[in-house]
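To keep things clear, I will list the structure first and then write my remarks on it.
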Amino acid sequence: MEIQMNRLPAGPRSTVVLAARYLHDACAYYARCESRYGDPFTLPTPFGPLVVTGAPEGIQTIYTADPDTFDIFAKSSVEPFLGASSLMLSTGETHSRNRRLLLPRFHGRHIDQFAAAMAEAAARAMARWRPGKSFVAQDEMHHISLDIILKVFFGAKAEILAPIEDALLIAQQSITPAITFLPCIRHQFAGLGPWARFRRAMENFDRVIFQMIREARLQPSEDNILGLLLTARYEDGEGLSDVAVRDEIVSLVAAGHETLASALAWALYWLHREPAALTRLREETADVGTNFERLFALPYMDAVCNETLRLCPILPEVTRLLRRPLKLLGYTLPAGVGVASVATLVHMREDLYPQAHEFRPERFLSRKYSPFEFVPFGGGTHRCLGASFAIFEMKIVLAKILRDCRLRLLTPGPIRPRRRSVPFGPQRGVVFMVEEEYSRA
């Protein structure tokens with residue numbers, strides 16, 4: 001039978017109003033809907049109905065289905081920023097071909113060669129911190145992650161990177177949940193309003209990026225991601241066009257630095273709320289130094305990163321649009337309906353994660369979770385391309401901060417997640433103070 005679209009709780013019926021509620025409180029909203037309707041349930045969205053599941057069996061059905069079953073749900077929401085040829089927005093054989101080409105650039109030796117640059121970026125940020133002074137974790141982690149992304153992706157000197165950084169920040173600041181998820185407001189209005197501001201920012205950003213690509217083609221190098229993309233070749237010897245390189249760079253830069261900043265802010269928050277976990281991690285990383293290969297293999301560091309992403313997944317849902325019917329948890333869903341696997345639901349299941357609302361990294365030491373029970377980076381053929389890269393980055397920055405300074409958490413109370421453009425981060429600034437015994441090793 002076809003699934004019956006559940007009615008939402010009494011209240012606003014407009015999808016615009018519902019979208020506004022969902023955008024700012026999606027994690028709690030998913031939980032309320034699951035509690036009221038069960039799993040799966042259906043949400044109305046500006047892009048059509050979306051059938052949501054947080055059950056491992058449902059997630060497995062989505063992630064193991066034939067990739068040709070799906071198209072991109074709400075593609076128009078991000079295409080103006082990411083570009084039509086982005087790996088994130090491609091499907092079928094085009095997606096498979098591009099993924100085979102790009103994936104090796106984010107694994108193995110290519111990640112290892114950037115480790116020192118990641119640690120140096122953290123050190124540069126920490127050099128500004130002073131004993132007795134406070135800072136907002138999200139802001140400082142944003143500076144670190146952006147520094148890392150720009151150096152790793154472009155490998156250029158600071159004076160060359162400055163225009164890229166300025167253009168990127170202006171472009172990202174112009175992206176709001178409203179223009180992302182509400183296509184009805186995408187009008188220029190004589191050059192005024194959020195959409196016009198976004199278009200101007202993107203035109204400027206594209207000018208800077210295409211100039212970088214043209215210059216890099218004159219002297220291709222494999223010591224940065226841009227160079228790796230320019231030298232990559234398909235099986236037939238063909239390379240990526242300038243537009244394709246632009247779209248992949250934008251997708252990876254935009255997704256990479258903001259999501260890493262949120263993940264690091266959450267990790268510092270939880271570690272400083274749980275002194276035992278903080279002490280254990282410090283002890284494990286104390287003598288690692290610049291042995292990044294060893295750092296990547298530390299079990300408790302791995303557990304801390306996993307537990308942070310379990311409690312606070314940066315992208316709580318992965319959506320798809322059905323090209324053909326799909327059987328999901330006893331229902332037959334018709335083509336044209338969206339489906340979503342929701343990390344914030346499966347990660348909060350008490351049968352999988354006892355005391356699910358507590359920060360307990362040890363759970364990842366005593367149990368191995370399936371790729372349908374722990375899904376911080378999505379799954380299937382569209383699993384995040386930079387997942388290993390992001391975890392490596394997270395470990396290096398965390399180890400550097402914890403080894404070289406002592407922080408005091410000034411906002412210990414519960415902090416809720418809130419959407420920041422597309423990714424989620426802490427709703428209120430997580431504030432820390434550098435303690436007097438601050439030292440630089």
Side-chain angles (χ1 to χ4, degrees), residues 27 81-82 106 114-115 117-129 134-154 161 164-177 180 225 249-272 301 304-316 343 376-377 384-402 405 407 409 411 415-432 434:
C27 302
F81 183 64
L82 299 184
F106 296 90
F114 302 127
M118 295 174 182
E120 289 165 6
R124 280 191 292 273
M126 292 164 60
R128 300 191 299 267
W129 301 353
S134 63
F135 64 84
V136 177
Q138 183 79 16
D139 295 342
E140 286 298 306
M141 298 308 106
H142 186 277
H143 290 312
I144 291 173
S145 62
L146 183 58
D147 191 358
I148 290 172
I149 287 288
L150 292 178
K151 293 293 191 304
V152 165
F153 274 71
F154 300 103
L161 290 179
I164 304 174
E165 180 175 2
D166 292 343
L168 174 63
L169 290 175
I170 291 171
Q172 288 202 305
Q173 288 165 4
S174 73
I175 302 171
T176 65
T180 300
I225 297 295
I249 286 287
V250 170
S251 298
L252 293 164
V253 168
H257 90 269
E258 194 168 1
T259 52
L260 176 66
S262 293
L264 286 168
W266 282 123
L268 290 173
Y269 166 75
W270 284 110
L271 285 168
H272 286 81
M301 171 64 85
V304 165
C305 292
N306 285 343
E307 181 69 345
T308 299
L309 294 173
R310 180 192 70 82
L311 276 168
C312 309
I314 310 306
L315 293 172
F377 296 104
C384 177
L385 183 73
S388 296
F389 191 93
I391 290 292
F392 195 38
E393 221 174 326
M394 188 175 177
K395 291 178 178 180
I396 288 174
V397 175
L398 270 182
K400 180 69 174 173
I401 292 174
L402 297 182
C405 69
L407 304 175
L409 179 62
T411 51
I415 296 179
R416 300 173 68 180
R418 180 168 182 166
R419 195 180 292 273
R420 302 166 65 92
S421 66
V422 176
F424 273 73
Q427 183 178 30
R428 295 184 290 116
V430 182
V431 182
F432 288 92
V434 180

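We use all heavy atoms of the structure for the numbers below, so side chains are in, but hydrogens, waters and symmetry mates are not. The structure displayed is predicted, hence computed values, not measured ones.
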### Summary
Rounded to the nearest 0.5 angstrom, the CZ-CD distance for Arg128 and Glu140 is 5.0 Å
### Query
What distance do Leu409 atom CG and Leu268 atom CG have between them, rounded to the nearest 0.5 Å?
9.5 Å
### Message
One pair to check against side chain to side chain contact (heavy atoms under 4.5 Å, CB included): Ile401 and Phe432. What are the steps and the verdict?
### Response
CA-CA 12 Å; Ile401 292 174; Phe432 288 92; over 6 Å; no
### Message
As a test of understanding, state which of Leu146, Ile148, Asp147 forms a side-chain contact (heavy atoms from CB on, under 4.5 Å) with Ile144.
### Response
Ile148
### Query
Between Leu264 and Met394, which heavy-atom pair has the shortest distance, and what is it?
CD2-O, 3.8 Å
### Message
For Ala171, give me all partners under side-chain contact (heavy atoms from CB on, under 4.5 Å), at least two apart in sequence or on another chain.
### Response
Phe81, Ala201, Met202, Phe205
### Query
About how many Å separate CG of Leu168 and CD1 of Ile249, when rounded to the nearest 0.5 Å?
11.0 Å
### Summary
Residues His272 and Leu407: closest non-hydrogen pair is CD2-O, 3.4 Å
### Message
Just to verify, which of Val430, Leu311, Ile415 counts as forming a side-chain contact (heavy atoms from CB on, under 4.5 Å) with Trp270?
### Response
Leu311
## Note on the structure
Interatomic distance, CD@Glu165 vs CG@Leu150, rounded to 0.5 Å, equals 5.5 Å
### Query
Do you know the tightest heavy-atom contact between Thr308 and Ala263?
CG2-O, 3.7 Å
### Query
side chain to side chain contact (heavy atoms under 4.5 Å, CB included) between His142 and Val136: does it pass, once the steps are laid out?
CA-CA 10 Å; His142 186 277; Val136 177; over 6 Å; no
### Query
If you look at every heavy atom in Ala390 and Leu260, which pair is closest and at what distance?
O-CD1, 4.0 Å
### Task
Please list, chain by chain and in numerical order, all residues satisfying salt bridge (Lys or Arg N to Asp or Glu O under 4.0 Å) with Glu307, sequence neighbours excluded.
Arg310, Arg363
### Message
Can you list everything that forms a side-chain contact (heavy atoms from CB on, under 4.5 Å) with Cys384? Sequence neighbours excluded, please.
### Response
Phe377, Ala387
#### Entry: Contact summary for Gln138 and Ala265, nearest pair of heavy atoms
OE1-CB, 3.5 Å
### Gap between atom OG1 of Thr411 and atom OH of Tyr269 - 0.5 Å precision
7.0 Å
### Query
Nearest 0.5 Å, what's the CZ-CZ distance between Phe389 and Phe114?
6.0 Å
### Message
I want to check something: taking the side chain as every heavy atom from C-beta on, are Ile391 and Leu309 in contact at a cut-off of under 4.5 Å?
### Response
yes
### Task
Looking only at non-hydrogen atoms, find the nearest pair between Ala123 and Lys400 and report the distance.
CB-CE, 3.7 Å
